[in-house]
Engineer: 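Questions regarding the structure given below will be posed in turn.
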Protein chains: 2
Amino acid sequence: MATIRDVARLAGVSVATVSRVINQKDSVNSETAGQVLKAIEQLHYVPNAVARGLAGKKMGIIVLILPDILNPFFPALARGVEDVAHKKGLTVILGNSDDLGIKESSYIKVLREKYVDGFIFASNTIREEDVESLRNDRIPIVLLDRGLNTASCPVIRSNNREGAKLAVQHLIEQGCQRIAHIYGPQEFITARDRLLGYEEAAGRLKGYSPSLMVSGNFDIESGRNAVEQLIARHPDLDGIFAGNDLMAVGALKALHDRGIRVPEQVKVCGFDGIGLTEITEPELTTVAQPVYEMGGLAARILLDEIESGIRENTLRELDVRLIPRKSTRKEET
Amino acid sequence: MATIRDVARLAGVSVATVSRVINQKDSVNSETAGQVLKAIEQLHYVPNAVARGLAGKKMGIIVLILPDILNPFFPALARGVEDVAHKKGLTVILGNSDDLGIKESSYIKVLREKYVDGFIFASNTIREEDVESLRNDRIPIVLLDRGLNTASCPVIRSNNREGAKLAVQHLIEQGCQRIAHIYGPQEFITARDRLLGYEEAAGRLKGYSPSLMVSGNFDIESGRNAVEQLIARHPDLDGIFAGNDLMAVGALKALHDRGIRVPEQVKVCGFDGIGLTEITEPELTTVAQPVYEMGGLAARILLDEIESGIRENTLRELDVRLIPRKSTRKEET
DNA sequence: GGTTATAATGTAAACGGTTACATAGTCTTA
DNA sequence: TAAGACTATGTAACCGTTTACATTATAACC
């Protein structure tokens with residue numbers, strides 16, 4: 001591989017000049033620049049990213065830490081991040097944290113020494129101290145789906161509260177009176193907001209009761225269990241809004257097992273808009289988050305901060321949209 | 001951040017000695033080593049990976065190129081790779097190629113200058129020349145699910161042919177006589193092997209006919225279309241072996257739409273063992289590949305080669321296993 | 001007792017870029 | 001026309017490691 005010194009020699013200039021041409025910094029006589037470019041061409045010279053990284057403390061790498069790429073919510077996020085990054089010539093390092101603060105810390109420790117340009121955390125357990133320490137070194141961070149109390153970073157999430165209201169209103173429009181909610185772990189702000197939205201929209205219904213809310217873990221099994229509880233408490237239940245799609249799938253399964261027909265007897269609506277919702281029987285109505293776009297936006301904001309050095313600590317809540325499918329269809333009269 | 005010189009100064013030795021202690025190379029007096037370790041401790045010194053990378057041409061990074069993380073087959077692969085890599089202190093860069101040779105080339109070009117330690121390709125369009133050029137620079141490669149003609153790399157895949165036979169035999173045992181196959185794109189060796197396995201196992205059946213084989217693209221929609229064709233050709237069809245789970249899901253949907261009951265009238269079996277198969281109605285029988293393990297194995301082989309420098313160009317075919325579920329259940333007599 | 005391994009350590013040159021600073025030449029401008 | 005400003009370029013230090021080579025002391029051998 002040719003080095004910058006080879007190019008300099010061939011072009012008959014100093015390495016500084018070559019560097020200037022490559023980075024289009026400072027002024028270079030256009031004729032000289034031409035010589036340099038020709039030499040670069042001839043030698044198939046490509047600047048070495050590691051040497052650059054060492055000198056400039058930036059490797060052209062961003063890191064995406066998410067809880068678990070196996071959770072069907074995250075691939076789209078990852079793809080969104082990666083597409084934007086790749087377009088700008090950056091590469092993406094992926095880390096699975098399993099929502100363990102300690103794993104996050106370990107990624108940060110290792111990667112910091114690799115001079116990565118920035119971090120995107122879609123994980124829910126980042127430690128204050130870690131954020132603080134990255135901040136001190138002026139390493140950009142973007143938070144996805146999560147805001148720290150002292151949030152001094154850009155945060156991106158979707159409008160969970162409005163989405164929940166959309167879901168409940170839709171169920172009401174489809175004729176539901178007693179609408180239950182399976183809520184996710186309350187340490188997730190997303191789950192809290194969805195619960196709030198539910199209460200706001202369902203609270204004024206005649207059939208409303210606080211015991212219509214049961215907890216789940218955002219996984220299929222917990223959706224299933226939640227339905228068991230609900231049926232026991234409220235046999236007259238006619239609508240379920242699950243805090244995410246996986247729990248909605250679990251709900252569907254539990255209802256199916258008990259011979260309760262969806263949507264005729266109970267209507268079900270999920271949240272997230274993952275691919276799974278299209279393959280259940282019946283297909284699942286859901287509130288779709290623009291997951292891919294969220295990833296892309298996160299990457300763009302991060303790259304902006306990397307380039308400009310300016311931090312804009314805004315919270316962005318993206319719009320969600322309801323996708324009506326068979327699981328909430330009203331019988332034709 | 002403290003540097004190796006700070007440590008050397010504090011410990012009263014030269015940087016070379018510190019480096020020796022860190023890397024446990026050459027001999028160092030154990031007392032001296034103690035001093036150095038103490039200094040490292042005191043200064044919270046962590047070696048800078050970029051400087052190391054520049055000096056040693058290895059950044060402690062491996063690259064995983066896959067077609068598309070959105071395809072539900074790949075997250076498990078990625079997780080398998082990442083878990084092993086992370087355990088060994090390496091980080092993983094993720095790239096989506098969309099099965100475009102040009103995108104792969106572009107990743108390789110960019111990453112080579114970042115001194116990545118090795119590549120895992122799960123993508124089907126690697127160019128001979130790219131492999132060749134990496135090879136020349138002694139950069140380790142592992143191929144997943146694919147073998148080049150001139151294959152001079154380790155290759156990992158599962159035993160697709162045996163898997164297909166397993167699927168067909170299972171359908172036969174469940175009472176099927178006329179078993180169709182929806183095969184994937186024949187430029188994929190996996191799809192070819194599955195087709196071969198099908199022919200081998202189904203070819204001797206009384207009801208066999210070559211027109212029982214129809215093509216698909218490994219996606220849901222194509223599975224759907226394939227079933228339309230099949231039904232037209234063979235109304236007496238009683239079993240379908242789809243070349244992957246997504247096409248099997250499509251098949252399930254098409255059958256459902258036409259009011260054909262699964263498994264009573266037609267039994268369906270997929271291939272891959274992705275999570276989706278557990279949430280269809282009926283749940284889908286499938287031949288599960290050990291996807292997570294394949295990723296882990298790929299990473300391990302790559303790391304071995306990185307450490308040892310020895311290339312073992314073996315082809316490894318991992319065992320698959322049939323997971324019987326409701327979609328192929330025989331009616332109780 | 002002189003030669004030769006071997007252990008323990010240091011010196012300084014890589015690795016391949018960026019960039020602060022210096023220098024020389026060309027314009028302006030009062 | 002001398003001072004100041006700007007353009008174009010070069011020199012060399014620096015980023016933080018690794019490592020080839022050199023040096024010294026100590027042990028081992030004939």
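All chains are named by letter (A, B, ...) in the order of the sequence lines, taking the proteins before the strands, and each is independently numbered beginning at 1.
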Engineer: Separation of A/I40 atom CD1 from C/dG16 atom P, in whole Å?
Structural biologist: 16 Å

Engineer: Could one point to a donor on the side chain of B/R52 or the base of D/dG16 with an acceptor on the other under 3.5 Å away?
Structural biologist: no

Engineer: With the side chain counted from C-beta on, respond yes when A/L318 and A/Q289 share a heavy-atom pair under 4.5 Å apart, and no when they do not.
Structural biologist: no

Engineer: I need the CG-C1' distance between A/N48 and D/dC15, as an integer number of Å.
Structural biologist: 13 Å

Engineer: Check nucleotides 4-8 of chain C for protein N or O atoms closer than 3.5 Å to its own N or O atoms and list the pairs.
Structural biologist:
unit_1 : atom_1 : unit_2 : atom_2 : d
C/dA8  : OP2    : B/S27  : OG     : 3.4

Engineer: State whether a side-chain donor-acceptor pair under 3.5 Å links B/T190 with B/R157.
Structural biologist: no

Engineer: Report yes if a side-chain nitrogen or oxygen of A/S19 is closer than 4.0 Å to either non-bridging phosphate oxygen (OP1 or OP2) of C/dG17; otherwise report no.
Structural biologist: no

Engineer: Whole Å only: how far is the CE atom of A/M59 from the C1' atom of D/dG16?
Structural biologist: 14 Å

Engineer: Over how many whole Å does the gap from B/I4 atom CD1 to D/dC15 atom P extend?
Structural biologist: 14 Å

Engineer: Rounding to an integer number of Å, can you tell me how far A/M1 CE sits from C/dC15 P?
Structural biologist: 15 Å

Engineer: With the side chain counted from C-beta on, respond yes when B/L94 and B/L66 share a heavy-atom pair under 4.5 Å apart, and no when they do not.
Structural biologist: yes

Engineer: On DNA chain C, compare the nucleotides closest to B/A33 and A/V15; which residue's is nearer the 5' end?
Structural biologist: B/A33

Engineer: If you compare every side-chain N and O of B/K57 against the phosphate oxygens of C/dG16 (OP1, OP2), does one of them come in below 4.0 Å?
Structural biologist: yes

Engineer: Going by heavy atoms in the side chains, are A/F74 and B/I69 under 4.5 Å from each other?
Structural biologist: no

Engineer: Between atom CZ in A/R5 and atom P in D/dA13, what is the gap in whole Å?
Structural biologist: 12 Å

Engineer: So does A/N23 get a side-chain nitrogen or oxygen closer than 4.0 Å to the phosphate oxygens (OP1/OP2) of C/dT18?
Structural biologist: yes

Engineer: Can you tell which of C/dT9, C/dC15, D/dA12 lies closest to the side chain of B/Y115?
Structural biologist: C/dC15

Engineer: Rounded to the nearest 0.5 Å, what's the gap from CD1 on B/I120 to CD1 on B/I62? Could you check?
Structural biologist: 4.5 Å

Engineer: Give the rounded distance in Å between these two atoms: CZ of B/R112 and C1' of C/dG16.
Structural biologist: 17 Å

Engineer: Would you indicate, yes or no, if C/dT19 has its OP1 or OP2 atom less than 4.0 angstrom from a side-chain nitrogen or oxygen of A/K25?
Structural biologist: yes

Engineer: Hey, does A/I126 have a side-chain heavy atom less than 4.5 Å from the side chain of A/L143?
Structural biologist: yes

Engineer: As a test of reading the structure: which of C/dT19, D/dG16, C/dT9 is closest to the side chain of B/A55, going by heavy atoms?
Structural biologist: D/dG16

Engineer: B/T3 has a side chain; which of C/dT18, D/dT17, C/dG16 sits nearest to it?
Structural biologist: D/dT17

Engineer: Taking it one step at a time, do A/R112 and B/V46 satisfy side-chain contact (heavy atoms from CB on, under 4.5 Å)?
Structural biologist: CA-CA 10 Å; A/R112 176 195 282 273; B/V46 183; over 6 Å; no

Engineer: State which of D/dG16, C/dT11, C/dG16 makes the closest approach to the side chain of B/S14.
Structural biologist: C/dT11

Engineer: Identify the residue among A/L144, A/T314, A/D145 that makes a side-chain contact (heavy atoms from CB on, under 4.5 Å) with A/I156.
Structural biologist: A/L144

Engineer: Report each atom pair, protein N/O against N/O of nucleotides 20-22 of chain C, whose distance is under 3.5 angstrom.
Structural biologist:
none

Engineer: Over how many whole Å does the gap from B/Q35 atom CD to C/dT9 atom C1' extend?
Structural biologist: 14 Å

Engineer: Relative to the ring of B/Y107, is the ring of A/H86 parallel (under 30°), tilted (30 to 60°) or perpendicular (over 60°)?
Structural biologist: parallel

Engineer: Should B/T17 be listed as having a side-chain N or O under 4.0 Å from OP1 or OP2 of C/dG10?
Structural biologist: yes

Engineer: Just call it for B/V13: base, sugar-phosphate, or nothing, with non-hydrogen atoms closer than 4.0 Å on any strand.
Structural biologist: sugar-phosphate

Engineer: How about B/L315: does its CG atom have over 12 heavy atoms from other parts shown lying under 6.0 Å from it?
Structural biologist: yes

